[in-house]
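Notes follow once the structure below has been shown.
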Amino acid sequence: FGVTGVMGTLIGFESLIAASAMIGLLAGLLNVSRTAEFMVMMGAAAAVILFLNFLHSYLLLVRFSAVDIMRRDADVI
């Protein structure tokens, strides 16, 4: 259950952050009334996509590192 718990926790954490970022972005897009505001929101969307890409890459590395550490600990016993 250890590996499943770690994986579930990290995937849940990533999903919550992605959902909150998307909700914030959607709320901003719904308040757009001019072209300049739309362009600002498109820049914000690009920033959110970049942030989520970095977050996903980092958490993927953490997941595989955690599984590797757990495997090494299980082999010792």
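Throughout, numbering of the chain's residues begins at 1 and tracks the sequence.
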Shared-cluster residues of Phe64, by chain and number - hydrophobic side chains joined below 4.5 Å: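 Other cluster members: Leu60.
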
Heavy-atom pair of closest approach, residues Ala21 and Val48: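 Minimum heavy-atom contact is CB-CG1, 3.9 Å.
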
From Ile23 atom CD1 to Leu26 atom CG, the distance as rounded to the nearest 0.5 Å: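 Ile23 atom CD1 to Leu26 atom CG measures 8.0 Å (nearest 0.5 Å).
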
Approximate separation, where rounding is to 0.5 Å, of Thr35 OG1 and Met42 CE: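 Reported to 0.5 Å precision, the distance equals 12.0 Å.
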
Side chain proximity check, Asn31 to Glu37, heavy atoms < 4.5 angstrom: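 With C-beta onward as the side chain, the pair stays apart.
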
Would a single hydrophobic cluster contain both [Y] and [X], if residues Ile, Leu, Val, Met, Phe, Trp and Tyr are joined by side-chain heavy-atom contacts under 4.5 Å?
X     : Y     : answer
Leu25 : Val40 : no
Leu52 : Ile49 : no
Tyr58 : Val67 : yes

Met22 atom CE: more than 12 heavy-atom contacts under 6.0 Å: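 Count over threshold, so yes.
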
Glu14 side chain to Leu10 backbone, donor-acceptor under 3.5 Å: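 Judged by distance alone, no pair lies under 3.5 Å.
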
Those residues that, when tested against Phe13, pass side chain to side chain contact (heavy atoms under 4.5 Å, CB included) (two or more places apart):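 Listed in chain order: Ile17, Leu59.
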
